[in-house]
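Let me begin by presenting the structure, written as structure tokens, before commenting on it.
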Amino acid sequence: MIATAYASGFETAAGELDLTRRLARLNGIARLMDTALRVPGTNIRFGADALIGLVPGIGDAGGALIGLFIVNEARRLGLPKRKLARMVANLGLDAAVGAVPLAGDMFDVYFKAHKRNIQIILDHFDLARRDIMTDVTPQRH
């Protein structure tokens, strides 16, 4: 991880902690958008993306704009254009299919474009989701 972190401009342990914090924040946004809620009695999870997608006309565009924030952060972290294009394609598919009434809303529940995009970022830095789930709050002595 340190080698890839160094290549991205995060040379120090403090930089590595900053990378972890940024990725944890992005993962939190993706979780809110894709898996924040669970249908009781099932393993079906959905998030704000599926809910705002119910708003005709602007809902899926709003979800895509939030997703573009994650893509922009990935760009700032130094992901190559090929991976950024794949992330944008995930968002485009989510928005396009999500715009179809009812069927698109069901698609939003299962596709989870934001979580897929976080996985692309984590794969780039050779990290697992558990690596960014730890508490990275600085401890005061």
Side-chain angles (χ1 to χ4, degrees), residues 1-140:
M1 179 179 124
I2 293 174
T4 55
Y6 182 79
S8 299
F10 296 97
E11 299 90 11
T12 66
E16 191 172 323
L17 183 61
D18 180 54
L19 173 65
T20 304
R21 282 190 185 136
R22 290 171 75 178
L23 293 176
R25 186 182 72 233
L26 293 176
N27 187 58
I29 293 169
R31 182 184 175 282
L32 174 68
M33 293 300 290
D34 287 340
T35 60
L37 304 169
R38 184 175 58 85
V39 176
T42 69
N43 286 331
I44 299 172
R45 299 188 71 84
F46 64 96
D49 190 28
L51 295 176
I52 63 175
L54 294 172
V55 178
I58 61 168
D60 292 301
L65 284 175
I66 293 169
L68 286 175
F69 171 77
I70 294 173
V71 174
N72 187 51
E73 282 295 304
R75 181 193 60 80
R76 292 177 64 200
L77 289 170
L79 266 72
K81 290 180 182 180
R82 179 180 53 82
K83 291 181 180 179
L84 295 173
R86 196 164 130 212
M87 292 172 72
V88 170
N90 284 339
L91 290 175
L93 179 63
D94 186 47
V97 177
V100 177
L102 294 175
D105 298 319
M106 291 307 298
F107 180 78
D108 277 341
V109 170
Y110 291 103
F111 186 64
K112 300 179 185 348
H114 303 90
K115 296 292 261 188
R116 288 173 186 259
N117 287 347
I118 292 299
Q119 193 58 54
I120 291 170
I121 297 169
L122 292 175
D123 289 346
H124 176 75
F125 288 106
D126 196 28
L127 294 171
R129 200 170 299 272
R130 65 175 147 44
D131 295 334
I132 62 170
M133 298 301 282
T134 59
D135 180 24
V136 292
T137 307
Q139 300 297 319
R140 295 190 178 179

How about Met87 and Leu91: do any of their side-chain heavy atoms sit closer than 4.5 Å?
no
Please report the shortest heavy-atom distance between Arg25 and Phe69, naming the atom on each side.
NH2-CZ, 4.4 Å
Any side-chain heavy-atom pair of Leu84 and Val71 under 4.5 Å:
yes
Value for CD1 (Ile70) from CG (Leu68), rounded to nearest 0.5 Å, stands at 9.5 Å
Quick one: are Asn27 and Ile121 in side-chain contact, heavy atoms under 4.5 Å?
no
Only distances under 3.5 Å count here; give the side-chain donor-acceptor pairs of residues 33-41 to other protein atoms, sequence neighbours excluded, each with its distance to 0.1 Å.
| from | atom 1 | to | atom 2 | distance (Å) |
| --- | --- | --- | --- | --- |
| Asp34 | OD1 | His114 | ND1 | 3.1 |
| Asp34 | OD2 | His114 | N | 2.9 |
| Asp34 | OD2 | Lys115 | N | 2.8 |
| Arg38 | NH1 | Thr42 | O | 3.0 |

Please check if the number of heavy atoms outside Arg86 that lie under 6.0 Å from its CZ is greater than 12.
no
Quick one: does Ile29's side chain get under 4.5 Å of Leu32's, heavy atoms only?
no
Phe125 vs Asp131 side-chain heavy atoms within contact, under 4.5 Å
no
So Ile118 and Arg31, side chain to side chain contact (heavy atoms under 4.5 Å, CB included) or not? Walk me through it.
CA-CA 10 Å; Ile118 292 299; Arg31 182 184 175 282; over 6 Å; no
Enter the distance from Leu77:CG to Leu23:CG here, rounded to the nearest 0.5 Å.
6.0 Å
The test is side chain to side chain contact (heavy atoms under 4.5 Å, CB included); show your working for Asp60 and Asp94 and say whether it passes.
CA-CA 8 Å; Asp60 292 301; Asp94 186 47; 5.8 Å; no
Set of ring pair (Phe, Tyr, Trp, His ring centres under 6.0 Å) partners for Phe107, sequence neighbours left out
Phe111
Please report the closest heavy-atom contact between Gly53 and Asp108, naming both atoms and the distance.
CA-OD2, 4.5 Å
Would the number of heavy atoms belonging to other residues, nucleotides or ligands and lying under 6.0 Å from CG of Leu65 be above 12?
yes
With a 4.5 Å cut-off on side-chain heavy atoms, are Glu73 and Arg76 touching?
yes
With rounding to the nearest 0.5 angstrom, report the CG to CG distance, Leu122 to Leu127.
6.0 Å
